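None of the values given here were measured: they were computed from a predicted structure.
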Amino acid sequence: MKKLHLVSNAHLDPAWLWRWNEGLAEAISTFRVAADFCEEYDGYIFNHNEALLYEWVEEHEPALFARIQKLVKEGKWNIIGGWYLQPDCVMTSGESLLSQIAMGRKYFKEKFGVEPKIAMNVDSFGHTRGLVQILNKTGFEAYLSKRPEWLAGSFLWRGFDASTIPVHSLYDGYGSLKGEAVKKINEHFSHGPEREESMCMWGIGNHGGGASREDLAAIAERMKVGDIEMFHSTPEAFFATLDRTKLRTVSESLISSMVGCYTSMVRMKQAHSKLECQIAMTEKIMSYAALSTDFEYDADELLKAKKAIAFCQFHDVLPGSGIKMVEEDGLRTLAYGSEICDKLFTKAFFKLCQGQRKGNRKEIPVMIFNPHPYPVEGDFEMSFMLEDQNWNEGQKTVATVYDEKGNALPSQNEKPNCTFNLDWPQKVSFHATLAPASISRFDCHLEVKNKADLPVFDYPCDKIEVKNEQVTMSVDRKTGLFNFSANGKTLIENGGALEYYRDCEDAWAMTTDNFRQHLASFELMSDAEACDFVGYPDDKTPNVRVVEDGDVRPKVQAFFKYNRSTAMVEYTMPKNSNYMDVDILIFSGEPNKMLKYHVDTAFEGVPVGETAFGREELFHDEREAVCHKWCGIHNAENRVYVINKGTHGGSFTDHSMKISLLRTPIYSAHTIGPRQLAPHDRWCDHMDMGERRFSFRITADPCIDRA
């Protein structure tokens, strides 16, 4: 006789088509009803995960929380998953996934005395292969998932380190509509379970709810039929029946699923990436300060930042599938976490800087912290104010930066962050090497010079080129696109086209795995159009222009247009380093489109990208792929990589990278069969319309791909 484990649950998104405070209210309501049923119905077990929801109940309804604690001890309420919440599992870093586990585990151990062994992310849009190693090393025994749907069933998942973990990917979802639990149960085995013993999750979900009296009564009657042995159960009980030796093996990330979510709400992804880096940097500098000074490591304050980012990693927040208010709340929450890190970092930084000698007159001390256990060479910049204002319009204060041994470093003055036409605010860039795991000191010497005596830099008419021992890079004045070579080999020719592709209103892009249909490319503005765009139509400055230059780097701006959209691309070409930086300012005006940044390589290779604690080969056929901080193409002889600041999606071939910058679907527009996604008789808010900014670093440094 077939056996069926009935796992009652109430999938509850803390924020999605509603804000977090409505999610909080629904959590309390759902848990209250679930506690009533656990106390009233013999044999019934309620299963729920996500420490965040329990924290909310503990804070706002402590009496209910005490009831749940009692039910857990009695075995009537089962805590599954054990994580802080169900996060995105493809864009979130390995460190963040570990933090999700650590915070959830600590909470459930302290409050309930339990340590769940079955991890659960049934609504996340794919799962990085790096999770296998994470789950094994954190003591989990199995993993419960759902997406992608084509992987439904039980299998053995192999990680980068060859460790494995059993996975069950649900055949028929994690919930049921009210009054239709028995209908789902009756249809369960028709979905294709390969074993006689299976698991069916039921209960009203997404906005919470869980079991209903109607469903509990119907299930009790269905159990009496006797054709299937069914019983209220837990995922733990189901996984105990699996024979690992009979499971197929899957050795890849569990993707793709909801590929639009790799790009939707780009500001959320950028702010999230920034805070991930800030938390890591803050932990390191606080640790160094605590070890070498009397600095007190403030773990409690840092935990607030970790909880802020953990909430925003929820699988409808970071992926960009929530409503506009969820985006606004998420950006505010990430900014809150960033502010905490700024304050903690600054406190530790000043503690580490104690004891430095005083700067001399007309000398600005410069301190830079390197968190890495190895030296870091590159270009750095600083801003400061002169001790007094120099109102002589024919003069300029020029800075030269020296290292601790008194060696003059390549230095140049640049436009300050403010726009203040007075010799007072300063911005200086310089090339240097930072000592490992410490504060490096530099001294900026100031000298007032006549502007007429300052050097003038000039470039040929056809291109603006920088060449050093490592790389050659240039910007073509006719196209505004760039070329990049390393070690005498051309790696990129005419790279950096901005291209629009056909998209739709669906925030998830549920019905596709690619954005292949090219619609149009941005074209370089004329000189007159570029001047008008900048705001000075009577000016005669060219459309591809050098705006900064000196011993460190030129900065080149190029101006592009397409229909209702415009773009300014700024290239920074260091004269002493092996990379080129590209900063893109977009004014997006095309609804329901995908915008990509197209980089063709001059060689054929394998596209690769970073994922949690590993690197992975990416799709070669222009299906939408996902990566973390870098992607690239390499072969035995050539390589080129693109490092990003929160841009995760892209499509690849063996010689091209089309990095997905932004999508402009309608907030939360959800495909439901053949129904029209959104009303066409009115304006609906579209994501990522207006000003957006992107930053990339182009390099051939093999250290990027050392994983």
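A cation-pi geometry, defined here as NZ or CZ lying under 6.0 Å from the six-membered ring centre and within 45° of its normal, holds between R697 and Y579.
I279 and C341 make their closest contact through CG1-SG, 3.7 Å (heavy atoms, listed as atom of the first residue, atom of the second, distance). Heavy atoms only, all atoms of each residue included: S338 and Q278 are closest at OG-OE1, 2.6 Å. Across all their heavy atoms, G320 and M265 have their closest contact at CA-SD, 3.5 Å. The minimum heavy-atom distance linking T664 with E590 is given by the pair OG1-O, 2.6 Å. Minimum interatomic distance between P537 and D532 (heavy atoms only, all atoms of both residues): CB-OD1, 3.6 Å. When every heavy atom of V326 is checked against every heavy atom of V317, the shortest pair comes out as CG1-CG2, 4.0 Å.
Under the 3.5 Å distance criterion, the side-chain polar atoms of E50 are left unmatched by any main-chain donor or acceptor of L52. In this structure a side-chain-to-backbone donor-acceptor pair under 3.5 Å is present from H518 to A520. Judged by distance alone, the side chain of R502 and the main-chain N or O of F515 form no donor-acceptor pair under 3.5 Å. With hydrogens and angles ignored, the 3.5 Å screen pairs a side-chain donor or acceptor of T92 with a backbone N or O of D88. A distance-only check finds a donor-acceptor pair linking the side chain of S124 to the backbone of P87 [under 3.5 Å]. Between the side chain of S695 and the main chain of D583, no donor-acceptor pair closer than 3.5 Å is present.
The neighbour count for N421 CG, taken as heavy atoms of other residues, nucleotides or ligands under 6.0 Å away, does not exceed 12. Annotation for K343: atom NZ does not count as buried by contact number, only 12 or fewer foreign heavy atoms lying within 6.0 Å. The number of heavy atoms from other shown groups lying within 6.0 Å of CH2 (W20) does not exceed 12. Atom CZ of R516 has more than 12 heavy atoms from other residues, nucleotides or ligands within 6.0 Å.
Between H648 and Y262, a ring centre-to-centre spacing not shorter than 6.0 Å is recorded. Taking the six-membered ring for Trp and the full ring otherwise, the centers of Y562 and Y500 sit less than 6.0 Å from each other. If you look at F652 and F619, their ring centroids are not closer than 6.0 Å. Aromatic ring centroids of H11 and H315 lie under 6.0 Å apart.
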Please step through side-chain contact (heavy atoms from CB on, under 4.5 Å) for the pair I492 and V640, ending with a clear verdict. CA-CA 8 Å; I492 299 172; V640 65; 3.7 Å; yes

Please determine whether side-chain contact (heavy atoms from CB on, under 4.5 Å) holds for the pair K645 and T647, giving the CA-CA distance in whole Å, both sets of side-chain angles, and the decisive distance to 0.1 Å. CA-CA 6 Å; K645 291 185 177 181; T647 302; over 6 Å; no

Please lay out, stage by stage, how E570 and V556 fare under the test side-chain contact (heavy atoms from CB on, under 4.5 Å). CA-CA 5 Å; E570 183 173 272; V556 180; over 6 Å; no

Under the side-chain contact (heavy atoms from CB on, under 4.5 Å) criterion, do N644 and Y597 qualify, and how do the steps go? CA-CA 12 Å; N644 69 74; Y597 187 59; over 6 Å; no

For a side chain to side chain donor-acceptor pair (under 3.5 Å) check, start with the C-alpha distance between S256 and E624, then their side-chain angles and the critical distance, and finish with the verdict. CA-CA 8 Å; S256 55; E624 198 72 1; over 6 Å; no

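Under the 4.0 Å criterion applied to side-chain N and carboxylate O atoms, E301 and K304 are assigned as salt-bridge partners. E616 has no carboxylate O lying under 4.0 Å from a charged side-chain N of R129, or vice versa, which leaves the two without a salt bridge. Taking the charged nitrogens against the carboxylate oxygens, D503 and K593 have no contact shorter than 4.0 Å, which rules out a salt bridge. Electrostatic pairing of K478 and D476 does not count as a salt bridge here, judged by no charged N lying under 4.0 Å from a carboxylate O. Ion pairing of E381 with K427 is present here, as a side-chain N (NZ or NE/NH1/NH2) and a carboxylate O approach within less than 4.0 Å. Under a 4.0 Å N-O distance rule, the pair K555/D549 does not qualify as a salt bridge. Ion pair K274/E276 not flagged as a salt bridge, since none of the NZ, NE, NH1 or NH2 atoms sits closer than 4.0 Å to an Asp/Glu carboxylate oxygen. Between K561 and E523 there is a salt bridge, with a side-chain nitrogen of the basic residue lying less than 4.0 Å from a carboxylate oxygen of the acidic one. Between R267 and E328 there is no salt bridge, since no side-chain nitrogen of the basic residue lies less than 4.0 Å from a carboxylate oxygen of the acidic one. Of the charged side-chain nitrogens involved, none lies within less than 4.0 Å of a carboxylate oxygen, so that D462 and R477 do not count as a salt-bridged pair.
Checking Q313 against S96 by side-chain atom types alone, a donor-acceptor pair falls below 3.5 Å. Looking at S99 and K306, their side chains never bring a donor and an acceptor atom within 3.5 Å of each other. Counting only N and O atoms by type, the side chains of T699 and D701 include no donor and acceptor under 3.5 Å apart. Neither side chain, E622 nor T653, offers a donor N or O lying under 3.5 Å from an acceptor on the other. For the residue pair E529 and N543, no side-chain donor N or O sits within less than 3.5 Å of a side-chain acceptor on the partner. A side-chain N or O of S651 and one of K596 form a donor-acceptor pair less than 3.5 Å apart. No side-chain donor from either of Q557 and Y571 sits under 3.5 Å from a side-chain acceptor of the other. Looking at T30 and E26, their side chains do bring a donor and an acceptor atom within 3.5 Å of each other. In this model, a donor atom of one side chain and an acceptor atom of the other lie less than 3.5 Å apart for S383 and N417. T611 and T128 share a donor-acceptor pair across their side chains, judged by distance under 3.5 Å alone. In this model, a donor atom of one side chain and an acceptor atom of the other lie less than 3.5 Å apart for S321 and D316. Side-chain atoms of Y174 and N206 form a donor-acceptor pair, as typed in the model, at a separation below 3.5 Å. Q86 and D13 form no side-chain donor-acceptor contact under 3.5 Å, judged by distance and modelled atom types alone. Under 3.5 Å, the side chains of S264 and R663 contain a donor-acceptor pair of N or O atoms. With 3.5 Å as the limit, one finds no donor-acceptor pair spanning the side chains of S429 and D379. Inspection of the Y84 and E55 side chains reveals an N or O donor paired with an N or O acceptor under 3.5 Å.
Rounding to the nearest 0.5 Å places CG of D685 at 10.5 Å from CE of M325. Separating the NZ atom in K324 from the CD1 atom in I666 is a distance of 12.5 Å, to the nearest 0.5 Å. To the nearest 0.5 Å, atom CG of residue L254 and atom CG of residue N121 are 11.0 Å apart. The CD1 atom of I659 sits 5.0 Å away from the CZ atom of F696 when rounded to the nearest 0.5 Å. Interatomic distance, CZ of F125 versus CE of M91, reported as 9.0 Å (0.5 Å rounding). Rounding to the nearest 0.5 Å places NE2 of H127 at 4.5 Å from OG of S145.
Relative orientation of the W683 and H686 rings is tilted, given thresholds of 30° and 60° on the angle between their planes. Ring geometry, W56 versus F311: the interplanar angle falls from 30° to 60°, so the pair is classed tilted.
Residues F559 and T566 fail the side-chain proximity criterion, which asks for heavy atoms closer than 4.5 Å.
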